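Worth saying up front: this structure is predicted, and the values here are computed from it rather than measured.
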Amino acid sequence: MELLITVIKIIVVMGVMLGIVAYVVLLERRLSAAIQNRIGPNRVGWQGLLQPIADVIKLVFKEDIVPVKANRFIHDLAPIISLGVALTTFAVVPFGDKINLFGYDIKLQIADINIGILYILALTSLGVYGLTLSGWSSNSKYALLGGVRSSAQMISYELSMGLSVLGVIMVAGSLQLDKIVEAQAGWKWNIILQPIGFFTFLTAAFAETNRLPFDLPEAEPELVAGYHTEYSGLKFGAYYLSEYANMFVSSAIVTTLYLGGWQMPFVHSIGLSDFWISIIQVSGFLIKVVLLISFFIIIRWTIPRFRYDQLMNLGWKFMLPVSILNLLITGLGILLF
Amino acid sequence: MENQKPIIHRKDLHWWELFYIPQIINGMRITLSQVFRPKFTRQYPEEKWNPPSSFRGRPVLVEQNGVERCVACGLCSRVCPALAIDVQASETELLKERYPVRFEINMLRCIFCGFCEEVCPEEAIVMSKEFELVFRHQEDAIFGKDKLLIPADKLKDRLEFLRKNR
């Protein structure tokens, strides 16, 4: 029974996640169009709501081109790594409290492991293999440069990401993600308790997902399309999907660590039944995530790309000291209060 | 020394500006304010564009009092750089004495240069405002007199424009 429930949870979460990711692509296109005083795709279905499906059909029917001197096996493997990592990271993120369905108490989290944060950090740093391997196996100078850049960028931002997560762990006293969420009950959200850590983590999340101020691995004016220059068809689709899935997952992680996860203040004082409270909590979680994704998109169309040396300066000379400072302040706060 | 460019002294950034975040928020405010501005997009097939009178659409023959003005001199076909126009002349009882039996423009060859309009002594061939030309077969692209003849009052804009600017 346990196993069956887990399998159903995996299927439901995967379905919902892929649906959201597909529609995040549409959201990005519509929102960026609105920012540029355009309308954006509005022809396929009502207000363009079927556009993601049309895009997927187009990508499926495209020819899969592999460069002549490319390493075929690794060229095929790289997008699978990227997409797999992007989709499996969500497994430990709690998206709601327990819910009672058909007499079973179901925990709204796929895998409740006691080293949740470590699992996330490990998997996100695994994601860099997808980019670097694709860059190397394509046998193209642009792809290679993109891959090398992505690995250097990941290494420098993983550090400050880990250090700012340490602050959260110190406050919550646990590595388990649902313990961290429970510690943020009411208005004790971590964004209020440690705003510096929030900003460093958010910046590092931007760098990890290769979103615009830090999208050097795929910098269009310099590197054509960066690491996925030599990809087409479904394999390019996998990269495209994994970029947006990464965005979704890192928004979910930021929500869990800093914005109270599924915790909604005052929800217990309305006087609804437990079932509806869980529904509100899950939708609250999703709303927080979608708002963060919109934030990602607006930032993309606001801030120009950093130069490579600026990126490294910001990572090593600013982010790292600031996150260490945040750690010290957090330790001091715990010691005093 | 006179050609030396003036030296631009850039001020160092204020510590407040180096802090990035307030500037980023400021930038986001500007970006977001654009969302509520009116859009420039034209919803094309529903919302048609009405070109100005200087627009060079597909060339048409001017029809006056039920007959074409054309006297089949063949200048347009001579000047056409893409060799798109084919005229065959014949005699008529009318005052103008000559008329085209066959007047064909191959719209796959036409490059919309407007030379035919410029060279025409009778103001008989002018550029219209039509720009939506789609064919399913190559034969459909050859426009005969049936498609080319347009009454003069429908081409008033262009004729007036030509009078004024020639």
Seminar exercise, completed: Bottom line for Leu314(A): the part with an atom under 4.5 Å from chain B's heavy atoms is side chain

For this session: Can you establish whether the number of heavy atoms outside Leu336(A) located under 6.0 Å from its atom CG is more than 12?
Result: yes

Seminar exercise, completed: Interface check, chain B: of Ile35(A), Ile303(A), Leu31(A), most non-hydrogen pairs under 4.5 Å belong to Ile35(A)

Exercise. Are there more than 12 heavy atoms of other residues, nucleotides or ligands under 6.0 Å from atom CD of Glu132(B)?
Worked result: yes

Using atom types as modelled and no hydrogens or angles, find all donor-acceptor pairs between chain B and chain A shorter than 3.5 Å.
{"from": "Thr31(B)", "atom 1": "OG1", "to": "Thr302(A)", "atom 2": "OG1", "distance (Å)": "2.7"}
{"from": "Gln34(B)", "atom 1": "OE1", "to": "Asn37(A)", "atom 2": "ND2", "distance (Å)": "3.4"}
{"from": "Phe40(B)", "atom 1": "N", "to": "Asn37(A)", "atom 2": "O", "distance (Å)": "3.1"}
{"from": "Thr41(B)", "atom 1": "OG1", "to": "Ile39(A)", "atom 2": "N", "distance (Å)": "3.2"}
{"from": "Gln43(B)", "atom 1": "OE1", "to": "Arg43(A)", "atom 2": "NH2", "distance (Å)": "2.7"}
{"from": "Glu46(B)", "atom 1": "OE1", "to": "Arg43(A)", "atom 2": "NH2", "distance (Å)": "3.3"}
{"from": "Glu46(B)", "atom 1": "OE2", "to": "Arg43(A)", "atom 2": "NH1", "distance (Å)": "3.3"}

Problem set entry | Part of Ile30(B) within contact of chain A (heavy atom distance under 4.5 Å) | neither

